[in-house]
Protein chains: 2
Amino acid sequence: MPAKWCICDTLNHLPAPYYRLAMTAAGKHQVSRTDTTRRGGRQGGRAGIRDVAAAAGVSITTVSDALNGKGRLPDATRRHVREVAERLGYRPSAAARTLRTGKSGLIGLTVTTYGDEPFTFTEFAYFAEMARAATSAALARGYALVILPATSQHDVWSNVALDGTVVVDPSDHDPVVTELVRQGLPVVSDGRPAGTLPVTAWVDNDHEAAVLDLLDHMAEAGARRIGLLTGTTTDTYTRLSTTAYLRWCERVGQDPVYESYPAHDPCAGAVAADRLLARPDRPDAVYGLFDPNGTDLLAAARRYGLRVPDDLLLVCCSESMVYAATEPPITTLSLKPRRIGTAVVQLLIDAIEGVETDGPLERVIPTELIVRTSSQRRPPRTTVSAPRSPSSDRP
Amino acid sequence: MPAKWCICDTLNHLPAPYYRLAMTAAGKHQVSRTDTTRRGGRQGGRAGIRDVAAAAGVSITTVSDALNGKGRLPDATRRHVREVAERLGYRPSAAARTLRTGKSGLIGLTVTTYGDEPFTFTEFAYFAEMARAATSAALARGYALVILPATSQHDVWSNVALDGTVVVDPSDHDPVVTELVRQGLPVVSDGRPAGTLPVTAWVDNDHEAAVLDLLDHMAEAGARRIGLLTGTTTDTYTRLSTTAYLRWCERVGQDPVYESYPAHDPCAGAVAADRLLARPDRPDAVYGLFDPNGTDLLAAARRYGLRVPDDLLLVCCSESMVYAATEPPITTLSLKPRRIGTAVVQLLIDAIEGVETDGPLERVIPTELIVRTSSQRRPPRTTVSAPRSPSSDRP
DNA sequence: TGATCATGCAGAAACGTGCCTGCCAAGTGG
DNA sequence: CCACTTGGCAGGCACGTTTCTGCATGATCA
């Protein structure tokens with residue numbers, strides 16, 4: 001007889017405690033159900049809220065109230081129920097709770113996919129750092145992150161109940177974003193949305209100011225002709241940074257010198273770096289927009305016999321610590337992905353839980369230029385006389 | 001009159017089509033419900049399966065069968081229902097489906113946490129690569145990954161309905177793993193489980209063989225005394241690699257020369273590399289167990305005026321591409337995290353969907369030694385005569 | 001012609017919670 | 001003594017699916 005408690009006509013043969021259990025656990029409306037076969041049949045093994053109610057001799061409502069801290073219950077009952085639940089190893093069903101409350105505690109994090117399989121996951125340390133901070137911030141507030149592809153893999157998106165989504169660098173009229181907004185879910189983007197994308201909020205750096213500042217820094221260090229290593233991709237970061245470079249060139253009256261390559265190709269960067277330094281109008285300083293550009297440019301400089309920073313100033317945008325240990329150490333621009341990931345998640349959870357804010361909420365995170373040897377010339381007083389042979393300027 | 005269909009006593013006043021809708025959509029058991037206020041009251045705005053059934057003039061069952069490709073339906077009905085569902089923008093509720101079917105399509109991925117906040121997310125490129133491959137493999141089979149902390153943050157774990165979990169390098173008697181197994185969920189670990197941890201399956205490299213092979217490679221390249229840069233952590237990878245090193249030393253009759261440091265401290269690695277090269281019994285070859293050790297050792301070698309590979313052979317375990325572009329390029333041992341991430345997810349989903357396998361299933365992924373300049377001495381035939389001054393050998 | 005069978009669908013029972021409603025008893029003021 | 005509050009709990013509906021069961025209807029066959 002595996003059934004701990006039953007209700008059939010043998011009820012009055014049971015001793016008093018069992019009788020009470022049966023009375024409180026199963027109301028008259030449940031008599032028609034075959035409770036014995038369901039629970040008694042050892043199905044799944046997980047204890048439900050009904051089992052807790054039966055074991056504690058109270059109703060389902062009381063168990064729910066006791067565990068969730070609601071209702072009007074004396075502390076004695078509350079403790080008793082909690083203890084019984086603990087003893088049975090009761091875990092509330094997340095699916096049932098989600099269905100009932102409408103909140104799942106899950107927030108999506110889109111990863112952009114190049115081509116079919118791969119993701120910009122570790123391509124650049126930026127995303128890894130950002131995702132790490134986002135995960136941490138979400139967990140601190142009781143949410144978990146779900147990694148989802150930015151493509152409209154429809155089945156996967158609709159198979160998971162999300163409370164909101166973080167999108168990384170959404171494209172112009174992102175179908176995923178519009179679909180999510182249509183469903184009434186808040187969407188916060190890393191990177192300001194292009195066009196009229198209806199995001200709830202967004203977080204970004206001031207990329208133009210960062211590039212202008214950085215170019216000024218290199219010019220101050222003695223750069224005469226600054227080159228750019230950029231991407232063929234059309235995302236906002238690349239676009240804003242490149243136009244800022246072109247604006248700066250126009251302002252100081254320098255001809256733009258840049259090479260662009262598909263940023264998702266791990267090998268194309270080194271080739272483009274080579275192209276840039278092989279040009280007849282070779283720059284004497286280069287800013288690389290993407291993470292691996294620093295090492296690529298350094299290797300290319302060695303191949304051409306250029307000393308860094310004496311013959312070539314180098315700055316790249318990266319979050320990687322390796323640039324502190326290269327020879328020489330390379331100046332990097334940090335976009336502060338941790339702060340961005342944290343801010344994005346905070347804004348999203350605020351939108352999920354909090355009041356409706358009118359209009360998109362924006363937050364700009366300051367960048368940080370970590371100045372190392374590669375962008376610092378020897379003290380300029382030596383440059384005043386004749387350090388770089390003028391013959392190289394007029395051949 | 002916002003209600004598209006109603007059931008009250010005005011039913012027989014409706015024209016024929018509406019009558020059919022009302023009849024098929026709402027059975028007699030639903031008359032007592034206030035359907036009009038629920039759906040008609042514009043609540044949430046999302047269309048449910050009932051709305052689709054009503055709009056298509058069929059029953060809920062037919063809608064479910066038509067959309068899921070089950071049941072015996074003529075293609076005409078199937079197409080009609082699909083079209084109506086599309087027109088209404090119907091998306092099935094993931095929570096309800098999960099509750100009913102017991103499968104959520106979500107699998108957990110644990111990230112180990114050092115201290116409070118941070119995770120081993122980008123600490124070493126290994127995890128990022130592995131997580132990327134795991135995400136990709138999961139999505140290809142219709143699952144999504146949920147990032148969860150390895151600590152027993154109890155609320156977060158029980159608030160998400162998982163079908164299974166991937167654990168990375170579980171500790172000896174991991175409470176999370178035992179809890180998950182107790183709930184009947186499959187658990188697959190990256191890294192062979194220590195002790196009697198009851199995982200469903202595991203994937204790992206043959207770390208001992210890899211280290212022995214690698215040390216042989218260095219000895220073959222002329223190393224007389226090989227040092228080790230290792231960690232104070234007690235995880236399986238560190239333990240197996242270190243004992244393999246010690247066994248190798250014993251076999252070839254060399255005194256072990258190693259320094260260990262807390263691997264989660266981003267600065268301690270450089271300090272330990274310095275310590276290792278400052279020892280009186282300075283090694284002429286070093287293997288670094290962790291990702292950043294290569295650049296740290298290279299920087300330390302420069303500080304001590306040691307040329308690589310002439311005075312010091314270097315190998316480190318890393319997945320980073322930067323070691324192809326350093327000066328000189330550094331030989332790395334790759335643990336093939338992509339293959340591991342893919343294998344782990346495949347095994348897990350097989351366990352979720354497939355038949356029960358008896359006993360833990362194990363899969364060993366081969367490692368790859370990417371030989372670069374840092375572990376190759378000049379061609380040995382030159383060494384036969386007198387390329388390196390013999391004075392350095394007998395001072 | 002009646003029995004059998006495949007077809008095309010509708011009814012309704014779950015899945016496990018949360019919470020609204022409401023009943024009963026005990027105290028409390030008039 | 002009665003209305004009235006208040007504490008302490010039980011009943012039961014609803015969340016939105018999936019799926020088992022079963023009822024018609026026409027076709028086929030003995």
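Since the model is a prediction, treat every value here as computed from it, not as a measurement. To find a chain, count down the sequence lines: A is the first, B the second, and so on, and within it residues start at 1.
Base engagement by B:Ser64 is indicated by at least one non-hydrogen atom pair under 4.0 Å involving a base atom. Nucleic acid contact for A:Arg72: base, since at least one base atom lies under 4.0 Å from a heavy atom of the residue. Backbone-only engagement by B:Asn68 is indicated by non-hydrogen atom pairs under 4.0 Å involving sugar-phosphate atoms exclusively.
Rounded to whole angstrom, the span from the CZ atom of A:Arg97 across to the C1' atom of D:dA14 amounts to 17 Å. Between B:Tyr90 atom OH and D:dG16 atom P there is a gap of 10 Å when expressed in whole angstrom units. In this structure, CG of B:Leu99 is placed 14 Å from P of C:dA14, rounded to the nearest angstrom. Here the C1' atom of nucleotide D:dG7 and the CG atom of A:Asp75 are 13 Å apart, to the nearest Å. What separates CG of A:Leu73 from P of C:dG18 is a distance of 14 Å, to the nearest Å. The interatomic distance linking A:Asp65 (CG) with D:dG11 (P) rounds to 14 Å, in whole Å. Atom CZ in B:Arg78 sits about 13 Å away from atom P in C:dT7, given to the nearest Å. D:dG12 atom P lies 17 Å from atom CD1 of A:Ile49, rounded to whole Å.
Taking side-chain N and O atoms only, A:Lys70 has no distance below 4.0 Å to OP1 or OP2 of C:dG18. For D:dG16, one of the phosphate oxygens OP1 or OP2 lies less than 4.0 angstrom from a side-chain nitrogen or oxygen of B:Arg50. For D:dG16, the OP1/OP2 oxygens have no side-chain nitrogen or oxygen of B:Ser93 closer than 4.0 Å. Considering only side-chain N and O atoms, A:Thr77 lies under 4.0 angstrom from the phosphate OP1 or OP2 of D:dC9. Distances shown here put every side-chain N or O of A:Arg100 at or beyond 4.0 Å from the OP1 or OP2 atom of C:dG16.
No side-chain donor-acceptor contact under 3.5 Å links A:Ser64 to the backbone of A:Ile60. In this structure, the side chain of A:Thr110 engages the main chain of A:Val168 through a donor-acceptor pair within 3.5 Å.
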#### Entry: Test side chain to side chain donor-acceptor pair (under 3.5 Å) applied to B:Thr62 and B:Ser59, step by step
CA-CA 5 Å; B:Thr62 304; B:Ser59 80; 3.2 Å; yes

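Closest to the side chain of A:Pro74, from the set C:dA10, D:dG8, C:dG8, is D:dG8.
Side-chain to base pairing of B:Thr61 with C:dG11: one donor and one acceptor N or O lie within less than 3.5 Å of each other.
Atom OG1 of A:Thr165 sits about 7.5 Å away from atom CG of A:Leu148, to the nearest 0.5 Å.
For the pair A:Asn68/A:Arg97, a side-chain contact is recorded, criterion being any heavy-atom separation below 4.5 Å from C-beta on.
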